[in-house]
Amino acid sequence: MSNSMQEIVDGIVTGSLDDAEVLEWLSFVFENGLNNNEVVDLTKSMRDSGEVLEWPEESANLVVDKHSTGGVGDKVSIVLAPALAACGLKVPMISGRGLGHTGGTLDKLESIPGFNIELASKQIQTQVGKIGIAMVGQSENLVPADRRMYALRDISGTIASIPLITSSIVSKKTAEGLSALILDVKYGRAAFMQEREDAAALASSMVDAANGMGISTTAVLTTMDQPLGCAVGNALEIVESVETLCGRGPHDLEELVCVQGGLLLTSTGISENMEEGALMIHNSLNDGSALEKFIAMVDEQGGDGNIFDSDMSMLRGLGLLDSQLKNTEIFSEKSGFVSDIDAMVIALACCELGSGRKKLGDSIDHSVGVIIEAQVGDELEVGDSLLVIYHRENLPIGMSKSLESAFTISDDSIEVLSKVSEIIR
Ligand code: URA
């Protein structure tokens, strides 16, 4: 493999390398890996295969984004982006759709009636200049090399390669013209990486590549054994995000937002350290400024931000929550302390209800999902609520039992641990 990364990426984009040749190269990288310099060269060439966003000089050092490797109930981006904008940063956030058991930010946003995630680069730049935030899908013009590489990786079993994942993710983020980046790398039974060491290796590789391209980058290793927050399902997660933007969110979600926001505010020099930055983010959730940014974004992108000014019961009438849905509550048959909630069981049930897709292009039901009523650490009596399922059809046979089995109830009280496990710089 003596070709330079630039030649290979050129061959991928122009088609001068045919599928068999690209597959041969992907398999070589999958088997042998790449060194750090090669990963940076590959990532740069991929970034430059398409358009790279540019920002006015006065704001260029404030442009930031985050990437999450994906989890169950992971709505951090929807809260974090407006909170960052409220603290003075510029956030052109480009996100993806959900696939398999993990949800996607775009699907969640599209549960807001009228919300348009397809903005051209010029529109993203104008909107970010005006209100500090845009949340959109990836355009055809950004990193075209990744589209062909990803499709070929998918059919050849070469997805799970650290250099290929790194270059795929970091090229797309760096094409946004960022100054700083935060990576939320999850591990655990409902994460893409189940083992902590694998997540740490991926995090270090992405941090090195993005830093090597001049973007101040930090990764947070976070656990994904239990769902994040209480809501799982697209529209339900928007409601929980808005609650969090009003300072009423679940503790684990708010903590991840504050830590990741605090790190980005530090990377851009707005705060002295993570603690000070986290406090700024926390304040933006409690003084209404983050919610204001979210509402301004919804208005700019075709929705009606006023629906989030009203109390939540009105959201049903206004179309965010579907009043046609059935709901079924599951109760505890045991007393004791909730010591675990299996995120994978919850995620697979939500997928089966229609909230997720098995393959790209499948349609989804934005309204279905679950609200977890009993959190890890809670003390329960027999008959207390565990969760409420929002569903359209009759519940599939066995789903209630399966969801009940997601909860482990123990005799002894347990210490509730932070989901933040390590910060990697
Ligand atoms: N997400 C991406 O965008 N690329 C990968 O390779 C894996 C996850």
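By convention here, the first residue in the shown sequence is residue 1. Both ligands and their constituent atoms are indexed starting at 1 by order of listing.
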Partner of K90 by side chain to side chain contact (heavy atoms under 4.5 Å, CB included), out of T268, I133, V63 |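 That would be V63; it is the only one of T268, I133, V63 passing the side chain to side chain contact (heavy atoms under 4.5 Å, CB included) with K90.
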In terms of side-chain heavy atoms, does [X] have a donor or acceptor partner in [Y] at a distance below 3.5 Å?
X	Y	result
S45	Q6	yes
K66	S77	yes
T223	D225	no
D146	S168	yes

Students should find this: residues with any non-hydrogen atom under 4.0 Å from ligand 1. What is the answer?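 Contacts of ligand 1 under 4.0 Å: Y150, R153, I165, S168, I169, K172.
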- Under the side-chain contact (heavy atoms from CB on, under 4.5 Å) rule, what do I112 and F308 come out as? Steps first, then yes or no, please. CA-CA 10 Å; I112 302 170; F308 298 106; 4.1 Å; yes
